[in-house]
Chemist: 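Structure in structure tokens, see below.
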Amino acid sequence: MSVMTEGKNIYVLKASCKGAIGTVARISSFLAERHCYIMEMAQFDDILTGQFFVRTVFSTTPGKTPALEELKQAFDKALPSAEQDFEWEVHDTLVRPKVLLMVSKFDHCLDDLLYRHRTGDLKMDVTAIVSNHPDLKSLADWHGIPYHHLPVTAETKAAQEERLMELVAETGTDLIVLARYMQVLSQDLCRKLSGRAINIHHSFLPGFKGAKPYHQAHERGVKLIGATAHYVTSDLDEGPIIEQAVERVDHTYRPENLVAVGRDTECLALARAVRYHIEHRVFLTGNKTVVFR
Ligand SMILES: Nc1nc2c(c(=O)[nH]1)N[C@@H](CN(C=O)c1ccc(C(=O)N[C@@H](CCC(=O)O)C(=O)O)cc1)CN2
């Protein structure tokens, strides 16, 4: 922590509204009047939709800036104007988001996220690991994280998803990450997890949807392969894209070589998407995202 932020709180403000003159000025004036120092500010004006997005990171002045709840109440009174459909949220950067990880049998994305968590690269608390197979329990045990083996069959799917939501509630989980979880979530579960479940799809969407994209890619003879991290919706592989990663390949790559290269792009795209989400850098807008990287 630098001298600039010693003893100060650092908050993130996310706001979106209909674009209008003066929005940034009103936000920065509100903060200045309350002795807040703007450390970062990024904004985007979507001229096609008329929607405006802004993310501000600011530090407080001990003894002068109101406490967070009071600041939020003041912001709610001062900023939103009826005609602008203001949506906003303020987050304390000291609060570590609680993340539940889901996996089936492929361990590379889970292993990568757990390494980034253990080394402090991803500042999050992992609440649990849920899998429809027992295979990766030893990895969870090594990291000291509870492992829940919840098998899925057509008969057990509803009960399995109910148990998952119980775990989400019991652990106070903020975000669910499908780190190569190979079961399709029901429409009802997708509704309950809207905007807080991220999946890694092992292809450069919209190409090669479904369960076997690398074989499809080999058949097609592509020269680039990749991966896509997106929010989960009931439309399989159609959710709002948060991040993508690609690698060059060529005619010498057999399917197993594409799978091997693909693993790296999956880990990279998923880790970046999780970071952007837990750092409050992602705005959902329709079926797309605005990401202040
Ligand atoms: N509602 C959603 N659920 C899931 C999504 C999603 O986008 N929306 N993504 C998948 C992950 N995935 C691709 O990224 C994917 C996983 C599994 C399948 C699939 O066809 N699964 C078969 C069973 C496969 C098996 O048992 O190994 C099935 O469910 O019938 C397609 C795409 C995660 N969930």
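Whatever order the structure lists ligands and atoms in, that order sets their numbers, starting from 1.
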Chemist: Judged by modelled atom types alone, do Asp235 and Thr233 share a side-chain donor-acceptor pair under 3.5 Å?
Modeler: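 Side chains of Asp235 and Thr233: no pair found under 3.5 Å.
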
Chemist: Give me the one residue out of His202, His108, His201 that meets side chain to side chain donor-acceptor pair (under 3.5 Å) with Glu266.
Modeler: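 Exactly one pass, corresponding to His108.
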
Chemist: How does Val232 reach ligand 1, by side chain, by backbone, by both or by neither, if only non-hydrogen atoms under 4.0 Å count?
Modeler: side chain

Chemist: Could you find the nearest protein heavy atom to atom 5 (C) of ligand 1 and give me its residue, atom name and distance?
Modeler: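 Going atom by atom, the protein heavy atom closest to atom 5 (C) of ligand 1 ends up being Leu236 CD1, 3.5 Å.
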
Chemist: Heavy atom under 4.0 Å from ligand 1: found in Asn199's side chain, backbone, both, or neither?
Modeler: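 Answer for Asn199: side chain.
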
Chemist: Indicate yes or no: does Glu166 engage Arg163 in a salt bridge with an N to O separation below 4.0 Å.
Modeler: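 Arg163 and Glu166: salt-bridged.
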
Chemist: Could you see which bit of His230 sits under 4.0 Å from ligand 1, with heavy atoms only: side chain, backbone, both or neither?
Modeler: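 For His230, the contact with ligand 1 is made by the side chain alone.
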
Chemist: Quick one: nearest non-hydrogen protein atom to atom 27 (O) of ligand 1, plus distance?
Modeler: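 Result: Met182 O, 4.0 Å.
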
Chemist: When you compare the side chains of Ser138 and Asp141, does any donor N or O come within less than 3.5 Å of an acceptor on the partner?
Modeler: no

Chemist: Nearest to atom 34 (N) of ligand 1, what protein heavy atom do you find, and at what distance?
Modeler: Gln183 O, 2.8 Å

Chemist: Going by distance only, is there an N or O of Tyr181 that falls short of 3.5 Å from an N or O of ligand 1?
Modeler: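 Checking ligand 1 against Tyr181, no N or O pair falls under 3.5 Å apart.
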
Chemist: Please work out whether any backbone atom (N, CA, C, O) or any side-chain heavy atom from C-beta onward of Leu189 is under 4.0 Å from ligand 1, and answer side chain, backbone, both or neither.
Modeler: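 No part of Leu189 is near ligand 1 at this cut-off.
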
Chemist: Please list the nearest protein heavy atom to atom 30 (O) of ligand 1 with its residue and the distance rounded to 0.1 Å.
Modeler: Val184 CG2, 5.0 Å

Chemist: Any idea which protein heavy atom is nearest atom 20 (O) of ligand 1, and the distance to it?
Modeler: Ala211 CB, 4.1 Å

Chemist: As a test of understanding, state which of Asp111, Val274, Leu122, Leu270 forms a side chain to side chain contact (heavy atoms under 4.5 Å, CB included) with Arg116.
Modeler: Leu122

Chemist: So, Glu89 versus His91: side-chain donor-acceptor pair below 3.5 Å or not?
Modeler: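 The answer is yes; a qualifying pair exists.
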
Chemist: Short list, please: which atoms of ligand 1 are under 4.0 Å from a heavy atom of Leu178?
Modeler: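 Listed by number with element: 33 (C), 34 (N).
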
Chemist: Do you know which of Arg281, Glu243, Arg293 makes side chain to side chain donor-acceptor pair (under 3.5 Å) with Tyr276?
Modeler: Glu243

Chemist: Starting from atom 8 (N) of ligand 1, which protein heavy atom do you reach first, and at what distance in Å?
Modeler: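 For atom 8 (N) of ligand 1, the nearest protein heavy atom is Thr233 O, 2.9 Å.
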
Chemist: Are any of the N/O atoms in Cys190 less than 3.5 Å from those in ligand 1?
Modeler: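 N/O-N/O distance below 3.5 Å does not exist for this pair.
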
Chemist: For ligand 1, which atoms sit closer than 4.0 Å to a heavy atom of Ile200?
Modeler: 14 (O)

Chemist: Side chain to side chain contact (heavy atoms under 4.5 Å, CB included) with Lys98: which of Ile278, Val126, Thr127?
Modeler: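 Of the listed residues Ile278, Val126, Thr127, the side chain to side chain contact (heavy atoms under 4.5 Å, CB included) partner of Lys98 is Thr127.
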
Chemist: Going by distance alone, is a donor N or O of one side chain under 3.5 Å from an acceptor N or O of the other, for Thr228 and Gln244?
Modeler: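 Thr228 vs Gln244: donor-acceptor pair found between side chains.
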
Chemist: Of all the non-hydrogen atoms in the protein, which one sits nearest to atom 14 (O) of ligand 1, and at what distance?
Modeler: His201 ND1, 2.7 Å

Chemist: Using distance alone, decide if ligand 1 has a nitrogen or oxygen within less than 3.5 Å of any nitrogen or oxygen in His202.
Modeler: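 It does not: no N or O of His202 is found under 3.5 Å from an N or O of ligand 1.
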
Chemist: Would one find an N or O of Asp235, backbone or side chain, under 3.5 Å from an N or O of ligand 1?
Modeler: no

Chemist: Among all protein heavy atoms, pick out the one at the shortest distance from atom 7 (O) of ligand 1; state its residue, atom name and that distance to 0.1 Å.
Modeler: Asp237 N, 2.9 Å

Chemist: In terms of side-chain geometry, is the basic nitrogen of Arg263 or Asp112 positioned less than 4.0 Å from the acidic oxygen of its partner?
Modeler: no

Chemist: Against ligand 1, does Asn132 come closer than 4.0 Å with any heavy atom?
Modeler: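 Flag not set, Asn132 not near ligand 1.
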
Chemist: For the aromatic rings, using the six-membered ring if either is Trp, is the centroid distance between Phe292 and Phe283 under 6.0 Å?
Modeler: yes

Chemist: Would Ser131 and His133 count as a side-chain hydrogen bond (donor to acceptor under 3.5 Å, both in side chains) here? Give the steps.
Modeler: CA-CA 5 Å; Ser131 178; His133 297 291; over 6 Å; no

